[in-house]
Novice: 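Next up is a structure, given as structure tokens.
All ligand and atom numbering here is 1-based and tracks the order in the structure. These values consider heavy atoms only, across backbone and side chains, with no hydrogens, waters or symmetry-generated copies.
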Amino acid sequence: MEDHVDAELFDKVVTLCKVRGFVFATAEIYGGFRSTYDYGPLGVLMLRNVKQAWWRSMVQLRDDVVGLDAAILSPPAVWEASGHLSNFTDPMVDCRSCKERWRADSIGDTCPNCGSHDLTEARAFNLMFKTTAGPVDDEGHVAYLRPETAQGMFTNFANVVRTSRKKPPFGIAQIGKAFRNEITPGNFIFRTREFEVMELEYFVPPADAPTWFEYWLEQRFGWHTDLGIPESHLRKRVHETDELSHYSARTADIEFRYPWGWGELEGVANRSDFDLLAHSRASGEALEYFDQAAGERYTPYVIEPALGATRSMMAFLLAAYAEDEVGGERRTVLRLDWRLAPFTVAVLPLSKKPELEATSQEVLGLLQPSYMCDYDVTQSIGKRYRRQDEIGTPWCVTVDFDTLEDRAVTVRDRDTTEQVRVPIDALLTELVSRTAGP
Ligand code: GAP
């Protein structure tokens with residue numbers, strides 16, 4: 001399929017995110033801050049749902065994966081051993097005319113800002129954020145903000161094996177913030193300097209690594225499609241040898257068709273025994289597994305699926321955005337899977353009349369323990385439906401004057417706009433059946 005730039009879709013999604021409260025520019029009142037973003041009332045809900053969907057599939061539904069939440073700050077020794085201090089770099093060039101800096105591999109020989117060809121030689125720029133831990137600002141107190149969560153899982157390998165009694169094949173999963181001083185961040189939340197990543201380090205006997213690599217690539221591809229990204233928007237791409245990260249023996253990306261063309265969504269890497277061996281050598285602690293049955297000690301290989309939570313949220317938003325016509329009226333609708341939508345249900349009293357208030361609050365109270373709900377009494381019911389469509393709410397529950405007589409409400413479906421009457425007593429059961437899944 002040919003790449004085509006759909007700038008209109010990109011702009012519409014970015015605007016919707018800002019206007020409806022998904023994503024705001026950080027420190028916007030001061031003019032923003034270098035491609036850094038805050039997640040607003042709807043964005044925080046959706047991002048939590050993306051992370052929850054990942055955690056559910058990677059940890060909750062498996063008996064071979066445990067979780068971890070390691071520190072963001074860590075000492076230089078970790079990054080020296082992991083190879084990040086010497087290798088986690090991008091090639092950077094300066095434009096001598098306008099003084100802009102660029103990633104050399106993304107611009108060719110022309111400055112995208114001023115068109116000059118007067119560029120410096122490329123030099124390696126390390127992407128890690130450096131800081132100091134404690135009140136003394138000297139080399140002895142240097143710490144780094146992690147650029148990936150993975151290292152916390154390698155440095156805790158022996159702790160986890162000892163305490164969880166897991167044996168290969170098994171995995172450690174982690175979700176958390178990562179920081180990279182990207183030379184050229186951009187495309188909204190696609191590439192930022194602070195982002196959230198969801199990573200699994202899956203430890204396997206070395207001979208089984210190729211099989212597990214294929215297994216995880218398939219599993220992860222299926223996760224995106226199961227949550228609503230059409231297969232036509234996804235493809236797999238194996239890395240050429242010269243693009244592999246310093247730790248990787250083999251990597252395949254799951255790419256998404258962004259409005260500007262195909263690009264990385266998730267990476268699946270075979271990190272071999274690179275990290276465990278490196279930390280073992282540097283720390284002096286054995287990071288091995290002793291297979292009692294075979295009487296063998298070995299260093300496991302690691303298969304690693306790694307996906308940016310924030311980048312994943314952006315892909316879901318782009319794939320879900322649609323405009324259609326309902327009853328002769330144009331509408332914008334986010335066709336998000338119900339598991340990802342910020343609100344699962346909106347409770348809407350037909351009017352502001354006080355007699356509807358008590359029953360509407362009763363319905364809200366019935367649903368809130370099970371679902372994230374919105375409650376909206378402003379504007380006409382038609383406008384409120386449009387608003388809920390635009391933020392992706394799968395179901396609206398309307399309380400009207402008949403409700404006071406028959407104790408039934410109207411449940412409206414976002415995608416079909418179909419409405420059915422449901423007794424309040426049966427409302428939870430109705431929603432449970434609509435959200436029942438595998
Ligand atoms: N531990 C493996 C690792 O860090 P990576 O491909 O560099 O691999 C993993 O990053 C994922 O994190 C990417 O596939 C992407 O989804 C996301 N990601 C990487 N850099 C990012 C950035 N600057 N902003 C947002 N997401 C990013």
Side-chain angles (χ1 to χ4, degrees), residues 23 26 34-37 39 43 47 50-51 54 58 68 70 72 74 78-79 82-84 87-90 103 105-106 125-129 144-155 171-203 213 216-217 220-221 223-224 229 234-239 243-256 258 262-272 274-276 278 302-318:
V23 180
T26 293
R34 298 174 184 273
S35 299
T36 304
Y37 295 94
Y39 291 77
L47 190 55
V50 170
K51 291 185 282 188
W54 187 89
M58 303 299 264
L68 187 78
I72 289 173
S74 43
V78 169
W79 305 106
S82 72
H84 283 74
N87 297 312
F88 196 61
T89 59
D90 275 341
R103 244 178 87 159
D105 52 356
S106 66
F125 174 75
N126 194 292
L127 300 182
M128 278 195 297
F129 279 98
Y144 288 93
L145 273 63
R146 64 184 178 196
E148 59 171 11
T149 66
Q151 297 305 322
M153 298 185 263
F154 301 133
T155 54
I172 310 178
Q174 182 167 200
I175 300 177
K177 288 256 173 153
F179 301 83
R180 296 182 187 179
N181 201 0
E182 300 280 0
I183 300 168
T184 42
N187 286 333
F188 195 43
I189 56 171
F190 173 77
R191 190 185 306 286
T192 49
R193 294 196 170 105
E194 173 177 343
F195 59 97
E196 266 188 290
V197 72
M198 311 185 283
E199 296 188 301
L200 171 72
E201 307 304 321
Y202 197 74
F203 301 91
F213 180 89
W216 280 111
L217 189 55
R220 296 303 310 148
F221 195 92
W223 184 83
H224 299 281
I229 298 192
L234 293 170
R235 72 178 186 191
K236 298 171 195 148
R237 189 182 69 81
V238 176
H239 278 210
E243 343 166 39
L244 289 174
S245 309
H246 64 274
Y247 50 73
S248 177
R250 180 177 164 82
T251 294
D253 284 345
I254 296 171
E255 294 192 328
F256 179 76
Y258 296 97
W262 289 99
E264 177 180 352
L265 176 58
E266 169 158 10
V268 179
N270 175 354
R271 293 180 78 129
S272 71
F274 179 92
D275 303 272
L276 289 182
V302 174
I303 306 301
E304 175 199 64
L307 168 66
T310 38
R311 188 177 291 189
S312 175
M313 172 171 152
M314 179 166 174
F316 284 125
L317 284 168
L318 288 165

Novice: Tell me whether G308 has any N or O atom under 3.5 angstrom from an N or O of ligand 1.
Specialist: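 So ligand 1 has an N or O lying under 3.5 Å from an N or O of G308.
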Novice: For the atom pair CG (L276) and OG1 (T155), what is the distance rounded to the nearest 0.5 Å?
Specialist: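 Spacing of CG (L276) from OG1 (T155) equals 10.0 Å.
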Novice: Please indicate whether any nitrogen or oxygen in E201 is less than 3.5 Å from any nitrogen or oxygen in ligand 1.
Specialist: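 No, since none of the N or O atoms of E201 sits under 3.5 Å from an N or O of ligand 1.
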Novice: Check for a donor-acceptor pair, side chain of T26 on one end and backbone N or O of T36 on the other, with a separation under 3.5 Å.
Specialist: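 Yes; judged by distance alone, with no hydrogens or angles, the pair exists.
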Novice: At a non-hydrogen distance cut-off of under 4.0 Å, which region of E304 contacts ligand 1 (side chain, backbone, both, or neither)?
Specialist: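 It is the side chain that touches ligand 1; the backbone stays farther off.
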Novice: Under a 4.0 angstrom heavy-atom cut-off, which atoms of ligand 1 come close to A306?
Specialist: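 Near A306, meaning under 4.0 Å from one of its heavy atoms, ligand 1 has 2 (C), 9 (C), 11 (C), 14 (O).
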Novice: Under the criterion salt bridge (Lys or Arg N to Asp or Glu O under 4.0 Å), I'd like the reasoning laid out for E148 against R271: C-alpha separation, chi angles, the key distance, then a yes or no.
Specialist: CA-CA 14 Å; E148 59 171 11; R271 293 180 78 129; 3.0 Å; yes
Novice: Looking only at atom types and distance, does a side-chain atom of R146 sit under 3.5 Å from a main-chain N or O of K177, one as donor and one as acceptor?
Specialist: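 Flag set: sc R146 to bb K177 pair under 3.5 Å.
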Novice: At a 4.0 Å threshold, what atoms of ligand 1 neighbour a non-hydrogen atom of V197?
Specialist: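 Listed by number with element, the hits are 12 (O).
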Novice: Starting from atom 25 (C) of ligand 1, which protein heavy atom do you reach first, and at what distance in Å?
Specialist: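 Going by distance alone, atom 25 (C) of ligand 1 is nearest to F190 O, 3.2 Å.
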Novice: Any atoms of ligand 1 less than 4.0 Å from a non-hydrogen atom of G267? List them with their elements.
Specialist: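 The list of qualifying atoms is 14 (O).
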Novice: Ignoring hydrogens, just give me the one of E199, E148, R180 whose non-hydrogen atom is nearest atom 10 (O) of ligand 1.
Specialist: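 Going through E199, E148, R180 one by one, R180 has the nearest heavy atom to atom 10 (O) of ligand 1.
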Novice: Without swapping roles, check the side chain of T89 against the backbone of N126 for a donor-acceptor pair under 3.5 Å.
Specialist: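 Such a contact is absent between T89 side chain and N126 backbone.
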Novice: Taking all heavy atoms of T192 and all of S35, pick out the closest pair and write down the distance.
Specialist: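 Closest approach of T192 to S35: CG2-O, 3.4 Å.
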Novice: For atom 6 (O) of ligand 1, grab the closest protein heavy atom and report residue, atom and distance to one decimal in Å.
Specialist: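 Among all protein heavy atoms, the one nearest atom 6 (O) of ligand 1 is E264 OE2, 3.0 Å.
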Novice: Would a distance-only check, ignoring hydrogens and angles, find a side-chain to backbone donor-acceptor pair under 3.5 Å from H84 to V78?
Specialist: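 Checked: no pair found.
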Novice: So which bit of R271 gets within less than 4.0 Å of ligand 1, heavy atoms only: side chain, backbone, both or neither?
Specialist: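 The side chain, only.
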Novice: Any side-chain heavy atom of E194 sitting closer than 4.5 Å to one from L145?
Specialist: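 The answer is no; the side chains never approach within 4.5 Å.
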Novice: Among F179, F195, Y247, F256, which one puts a heavy atom closest to atom 18 (N) of ligand 1?
Specialist: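 When every heavy atom of F179, F195, Y247, F256 is considered, F195 comes closest to atom 18 (N) of ligand 1.
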Novice: Between R311 and ligand 1, find which residue part has any heavy-atom pair under 4.0 Å and reply side chain, backbone, both or neither.
Specialist: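 Only the side chain of R311 comes within reach of ligand 1.
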Novice: Where's the contact between L265 and ligand 1, heavy-atom distance under 4.0 Å: side chain, backbone, both or neither?
Specialist: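 Just the backbone.
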Novice: If you define the side chain from C-beta out and look only at heavy atoms, does anything of E304 sit under 4.5 Å from M153?
Specialist: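 E304 does not reach M153 side chain to side chain.
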Novice: To check your reading of the model: name the closest protein heavy atom to atom 24 (N) of ligand 1, its residue, and the distance in Å.
Specialist: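 Result for atom 24 (N) of ligand 1: T192 N, 3.0 Å.
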